[in-house]
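In what follows, chains are A, B, ... by sequence order, proteins preceding strands, each numbered from 1. All figures in this text were calculated on a predicted structure; none of them were measured in a lab.
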There are 2 protein chains.
Amino acid sequence: MPAVTSAPADSQRPDTKPRRRVGRPAAAVLDQDGITAAALQLIQKSGYDGFTMAALARTLNVAPSALYNHVSSKRDVLVLVQDHLTSLVDVSAFESEPWERAVRDWAWSYRDVFSKHTPLIPVIAVLPVTDAPKTLAMYEAVSAGFSRAGFPQERIISAIVAFESFIFGSAYDVTAPADIFDSGSMAATTPHFTSAVARLAEQGFESQADVAFSLGLKALIAGLGGFRA
Amino acid sequence: MPAVTSAPADSQRPDTKPRRRVGRPAAAVLDQDGITAAALQLIQKSGYDGFTMAALARTLNVAPSALYNHVSSKRDVLVLVQDHLTSLVDVSAFESEPWERAVRDWAWSYRDVFSKHTPLIPVIAVLPVTDAPKTLAMYEAVSAGFSRAGFPQERIISAIVAFESFIFGSAYDVTAPADIFDSGSMAATTPHFTSAVARLAEQGFESQADVAFSLGLKALIAGLGGFRA
DNA sequence: CCACTAAATGAATGCCGTTCATTTAGTGGT
DNA sequence: ACCACTAAATGAACGGCATTCATTTAGTGG
């Protein structure tokens, strides 16, 4: 028993409104690059909450379903955006600077890019590199830098993964509210923690996230750098 | 003009089915602990995709809307689960072992717990500690350990945050597919990376994620441990 | 005993991603 | 010049989701 939505069957030629375009347009309106660019713009304007297939389609003056001729899911769009963003990560220092400085610059740049795009982190973290050519290019540049710096081949990937893990985790920190560690009414029962938080706050100019990132990064560079021949 | 859904108005007392219970039950069926336990069970059985308010309600033999008497949103439930899971993280070594070993045990335990719950990471990472008492308790235990080990007060929080960032990032790695670094058809254009991947694979027994985690953790412990008085 | 409240129901709402039959404008082959 | 084919659009569905709300009812405290 189908629910009849009662479209009046008596309209012979309704033409109450000028028929909208349907069918193949003069030239293709959409392609993956256009979709990626529009997605990025939309995300910047409306955030990841406002990033819907419907909203994306609207900015492209197209029906939502049209997107699916060029992309197979919303996740696909996120992968495209991710890959584009990764191409913005600065790996140039690997070709001019000593390893320590190169890693440091790369790590900061990487963190800064994705701290504005943390919803992509779960996507990147498990994405096969095959699906993201620009990401693969970044890895190549970094691997080459590690290799040139004298890293033993069999440690390179592990070291990069360690850096990346730290970078992704730190990207979240950037977005955390400033008072995240305020223990409020529980302060009395957590004396060590509460005092440590107070001590940090009372002398902190720099952003908390930046201090922690700087500290950890230095440790990783010193520790992992020790593997070089 | 409300859309009339045409319920036949002629049924005086339909009683086609025995009326379901409605109204206040003998005793409250739900509370936050019960919801948390059920949520955790459901997540373990059906994963985070299968974790719906409707599904959760079903396992509790309750209408979905009933949950909202005890919890204000789905995110709330996730916070409850997160806090419970954090109480499973082992901090006991801070009371018996030297700092290096204690941090190591804590970090592995922390990573292992959340590698099975990565969808919670975006939640934890930005959650004020006030909203999660057991999480706060973990921080207290860890802060106390750092303090006892001679860490300067104003570095404690930053050091913990650095560890945590690394831990969260590494939790994602655990869930990544084994062939995530297979460069496929692009292998020719990424020689350094491809060879490094091959070298790692050819000698690797241990899980890739574990190797990277172990390496990075050692570096962080060595580097950050240097701050102790 | 009665007013009040906590706690349940189920119907409705408004999104969301995705699918599908259908339409149409170019394109390549004969 | 025609025609078969295809790429690319449309809009109407669909099913699922979190959440809201009026309503009902069983205990509870004064």
Side-chain angles (χ1 to χ4, degrees), chain A residues 1-9 14 16-35 38-39 42 46-79 119 123, chain B residues 1-9 11 14 16-35 38-39 42 46-80 119 123:
Chain A
M1 213 191 289
V4 177
T5 0
S6 93
T16 43
K17 287 186 181 180
R19 297 282 215 124
R20 301 270 263 107
R21 287 201 88 293
V22 161
R24 187 177 218 185
V29 194
L30 296 179
D31 59 17
Q32 290 207 342
D33 284 351
I35 291 176
L42 175 58
S46 320
Y48 280 87
D49 278 356
F51 176 59
T52 1
M53 292 302 269
L56 178 57
R58 209 174 309 124
T59 73
L60 288 160
N61 280 111
V62 135
S65 51
L67 295 169
Y68 288 86
N69 286 319
H70 305 271
V71 134
S72 71
S73 67
K74 183 180 181 177
R75 185 171 195 275
D76 243 56
V77 180
L78 291 178
V79 168
V123 177
Chain B
M1 212 193 287
V4 177
T5 2
S6 90
S11 58
T16 44
K17 287 185 180 182
R19 296 282 214 123
R20 301 269 264 106
R21 287 200 87 294
V22 161
R24 188 179 218 185
V29 194
L30 295 179
D31 59 17
Q32 291 207 342
D33 284 351
I35 291 176
L42 175 58
S46 320
Y48 281 86
D49 279 355
F51 177 59
T52 331
M53 292 303 267
L56 179 57
R58 211 174 309 125
T59 75
L60 288 161
N61 282 110
V62 135
S65 51
L67 295 169
Y68 289 86
N69 286 318
H70 305 270
V71 135
S72 72
S73 68
K74 182 180 183 178
R75 184 171 194 275
D76 243 56
V77 180
L78 291 178
V79 169
L80 291 173
V123 176

K.L.:
Which whole-number value in Å describes the distance from A:L60 CG to D:dA9 P?
P.N.:
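Between P of D:dA9 and CG of A:L60: 10 Å.
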K.L.:
Rounded to the nearest 0.5 Å, how far apart are OH of A:Y48 and CG of A:L78?
P.N.:
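Output value for this atom pair is 7.0 Å.
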K.L.:
In this structure, how many angstroms lie between the P atom of D:dC17 and the CZ atom of B:R58, rounded?
P.N.:
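About 8 Å, once rounded to whole Å.
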K.L.:
Give a yes/no on whether any side-chain N or O of B:S65 is located under 4.0 angstrom from OP1 or OP2 of C:dT9.
P.N.:
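B:S65 to C:dT9 OP1/OP2: no side-chain N or O under 4.0 Å.
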K.L.:
What is the separation between atom CG on B:D49 and atom P on C:dT18, rounded to the nearest whole Å?
P.N.:
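Roughly 12 Å, once rounded to whole Å.
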K.L.:
Once you round to the nearest 0.5 Å, how far does CZ of B:R58 lie from OG1 of B:T52?
P.N.:
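Result: 7.0 Å between the selected atoms.
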K.L.:
Grab the CG-P distance between A:D31 and D:dA7 for me, whole Å please.
P.N.:
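Atom CG in A:D31 sits about 15 Å away from atom P in D:dA7.
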K.L.:
To the nearest Å, how far apart are A:F51 CZ and C:dC15 P?
P.N.:
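Spelled out: CZ on A:F51 to P on C:dC15 is 18 Å.
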K.L.:
Taking atom CG of B:D76 and atom OH of B:Y68, what is their separation to the nearest 0.5 Å?
P.N.:
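Spacing of CG (B:D76) from OH (B:Y68) equals 9.5 Å.
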K.L.:
Which nucleotide sits closest to the side chain of B:K74: C:dT9, D:dA18, D:dT10?
P.N.:
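Among C:dT9, D:dA18, D:dT10, the one nearest the side chain of B:K74 is D:dA18.
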K.L.:
Of all the heavy-atom pairs spanning A:V77 and A:A39, show the shortest one and how long it is.
P.N.:
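Heavy-atom minimum between the residues: CG1-CB, 3.8 Å.
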K.L.:
Got a second to check how far A:L42's CG is from A:I35's CD1, nearest 0.5 Å?
P.N.:
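The CD1 atom of A:I35 is 12.5 Å from CG of A:L42, to the nearest 0.5 Å.
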K.L.:
Report the nucleotide, chosen from D:dT19, D:dC17, D:dA9, that has the shortest atom-to-atom distance to any side-chain atom of B:T52.
P.N.:
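Out of D:dT19, D:dC17, D:dA9, the nucleotide with an atom closest to B:T52's side chain is D:dC17.
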K.L.:
Pairs counted only when both distances fall under 3.5 Å, Watson-Crick or G-U: show me the 5' to 3' dot-bracket for DNA chain D, [ ] for pseudoknotted crossings and | for other-strand partners.
P.N.:
||||||||||||||||||||||||||||||
K.L.:
Calculate the interatomic distance between A:L67 atom CG and C:dC20 atom P; express it in whole Å.
P.N.:
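Rounded to the whole Å, the gap is 17 Å.
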K.L.:
Where is the tightest heavy-atom contact between B:Q32 and B:H70, given as atom of each residue plus distance?
P.N.:
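Of all heavy-atom pairs spanning B:Q32 and B:H70, the closest is NE2-O, 3.1 Å.
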K.L.:
Starting the side chain at C-beta, find the nucleotide from C:dT18, C:dA8, D:dG11 nearest to B:N69.
P.N.:
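For B:N69, the side-chain atoms sit closest to C:dA8.
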K.L.:
Choose from C:dG10, C:dT18, D:dT19 the nucleotide whose nearest atom is closest to any side-chain atom of A:P64.
P.N.:
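Nucleotide nearest to A:P64's side chain: C:dT18.
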K.L.:
Respond yes when some side-chain nitrogen or oxygen of A:H70 is under 4.0 Å from OP1 or OP2 of D:dA7, and no when none is.
P.N.:
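Checking D:dA7 against A:H70, no side-chain N or O comes under 4.0 Å of OP1 or OP2.
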K.L.:
Rounding to a whole Å, what distance do you find between A:N61:CG and D:dT10:C1'?
P.N.:
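My rounded result for the distance is 14 Å.
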K.L.:
Working to the nearest 0.5 Å, report the span between CG of B:D33 and CG of B:L80.
P.N.:
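Reported to 0.5 Å precision, the distance equals 8.5 Å.
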K.L.:
How long is the line joining CE of A:M53 and P of D:dC17, in whole Å?
P.N.:
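In whole Å, D:dC17 P and A:M53 CE are 19 Å from each other.
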